[in-house]
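Okay, structure first, notes after.
Below, chain A is the first sequence line, B the second, and so on; all start at residue 1. As the structure is a computational prediction, the values presented were derived from the model and not from experiment.
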Number of protein chains: 2
Amino acid sequence: MTEPIELSPVDLEILRVLQNDARTSNKELAAAVGLAPSTCLDRVARLRETGVITGQHAKVDAAKVGRPLEAFLFVQVRPHRRPLVEQFVEHLLALPEIRAVYHLTGPDDFLAHVATTSAAELQRLVLDELTSRDEVARVHTNLVFQQWQGGPLLPPDGEPAQGARIRRRGR
Amino acid sequence: MTEPIELSPVDLEILRVLQNDARTSNKELAAAVGLAPSTCLDRVARLRETGVITGQHAKVDAAKVGRPLEAFLFVQVRPHRRPLVEQFVEHLLALPEIRAVYHLTGPDDFLAHVATTSAAELQRLVLDELTSRDEVARVHTNLVFQQWQGGPLLPPDGEPAQGARIRRRGR
DNA sequence: CGTGAAAAACCGGGCGT
DNA sequence: ACGCCCGGTTTTTCACG
């Protein structure tokens, strides 16, 4: 289910375009990758079926919706055993401030990316939702000054079709 | 440009739906939020113009495109001055393995989320693209075991902060 | 918020390798 | 058979009133 899939150069072009703008019309997309619209539609459908494309999501400006303060929380969970870990993750994911959770190697077991309204809410999050729990051994909090997204996620050395341009976005 | 925007409850519903699936047709979306399609289209356009919705991006399974090994790199940049920092970020963003870069408070100045083909490539990334640079004082590498995305990013619960007005209940 | 023209998506069948 | 392309039909979009 998570096995690598064989992707033609055309597929890579499609992925590149759709990662840039998931609402690109099939007609435009077909033109961009040099395919007939129907064929293009077929290939996109296949990319979805095979799970290469897992979804398409509108990106929302956190500050614009009243959550201007983002942070990363490094959390050590003790004991580090599966039942506790799963429960802990469930708890985190139920919080509206959570943007993403990562289970990592290293001294801190979890990394939680959060978006909050204020320092006060961030404090509440740390104190009431994390350190108050028995399995949370410690929490380190680091604010986000600025963030950047990388370009489209593509296979290694994916024959960069001639003229392939990678566009980067800032914030 | 990064100021909070007034959002009606309907706007919030729209954001919730589009964050779940950015390709929801306007007709469907209108039905879901209880609006006429034309009105709904207007609302979405406004959300784009005001920068609340900044884009829509297809999500690709990293493992399926041959990048099964993800990691976070914690990087200390010295001296921590703007010209060096900007140059450093530019360098990172030009690397195909980079998924996101965060400038943080704390002992480690930068956090880079990367997706690689193998431990060997990750090593190359750390040695050749990071520690080999003069401004990079140190790098800590942590692998990602598993990751979870949070739900839709929405304003703090309760009533929308400012700009909330009582709206006609007509239909 | 409704309407209508333009455009796009969709779903068959047909052709060439 | 397979992948690709061409049509017509249905759905959606979008600028009006």
### Task
Decide yes or no on salt bridge (charged side-chain N to carboxylate O under 4.0 Å, His left out) for Arg46(B) and Glu49(B), but give the supporting numbers first.
CA-CA 5 Å; Arg46(B) 190 161 212 108; Glu49(B) 285 163 15; 5.4 Å; no

### Message
Is there a salt bridge (charged side-chain N to carboxylate O under 4.0 Å, His left out) between Glu97(A) and Arg124(A)? Walk through the geometry before answering.
### Response
CA-CA 11 Å; Glu97(A) 295 89 355; Arg124(A) 186 199 68 78; 3.3 Å; yes

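Within 6.0 Å of the CG atom in Asp128(A), the count of heavy atoms belonging to other residues, nucleotides or ligands exceeds 12.
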Every protein N/O lying under 3.5 Å from an N/O of nucleotides 15-17 of chain C:
none

Might you list the N or O atoms of the protein lying below 3.5 Å from N or O atoms in nucleotides 4-6 of chain D, with each pair's distance?
residue : atom : partner  : partner atom : Å
dC4(D)  : OP1  : Arg43(A) : NH1          : 3.2
dC4(D)  : OP2  : Arg43(A) : NH1          : 2.7
dC5(D)  : OP2  : Ala36(A) : N            : 3.2
dC5(D)  : OP2  : Thr39(A) : OG1          : 3.2
dC6(D)  : N4   : Ser38(A) : OG           : 3.1

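Separating the CG atom of Leu41(A) from the P atom of dT11(D) is a distance of 16 Å, rounded to the nearest angstrom.
Shown for residues 23-30 of chain A: residues whose heavy atoms fall under 4.0 angstrom of DNA chain C, namely Ser25(A), Asn26(A), Lys27(A).
Linking Ile, Leu, Val, Met, Phe, Trp and Tyr whenever their side-chain heavy atoms come within less than 4.5 Å puts Val52(B) and Ile14(B) in one cluster. Both Leu92(B) and Leu125(B) are members of a single hydrophobic cluster when ILVMFWY side chains are connected at heavy-atom separations under 4.5 Å.
Sorted by first then second residue, the salt bridge (Lys or Arg N to Asp or Glu O under 4.0 Å) pairs that include residues 18-45 of chain A, not counting sequence neighbours, are Asp11(A)-Arg43(A).
Between the side chain of Arg16(A) and the backbone N or O of Pro152(A) there is no donor-acceptor pair closer than 3.5 Å.
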Only distances under 3.5 Å count here; give the side-chain donor-acceptor pairs of residues 105-115 of chain B to other protein atoms, sequence neighbours excluded, each with its distance to 0.1 Å.
residue   : atom : partner   : partner atom : Å
Thr105(B) : OG1  : Leu143(A) : N            : 2.8
Asp108(B) : OD1  : Arg138(B) : NE           : 3.3
Asp108(B) : OD1  : Arg138(B) : NH2          : 3.1
Asp109(B) : OD1  : Arg78(B)  : NH2          : 3.1
Asp109(B) : OD1  : His80(B)  : ND1          : 3.4
Asp109(B) : OD2  : Val77(B)  : N            : 2.8
Asp109(B) : OD2  : Arg78(B)  : NH2          : 3.0
His113(B) : NE2  : Glu70(B)  : OE1          : 2.7

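Using a 30° and 60° split on the angle between ring planes, Phe74(B) and Phe74(A) fall in the tilted class, from 30° to 60°.
Shown here are the salt bridge (charged side-chain N to carboxylate O under 4.0 Å, His left out) partners of Arg82(A), two or more places apart in sequence or in another chain: Glu86(A).
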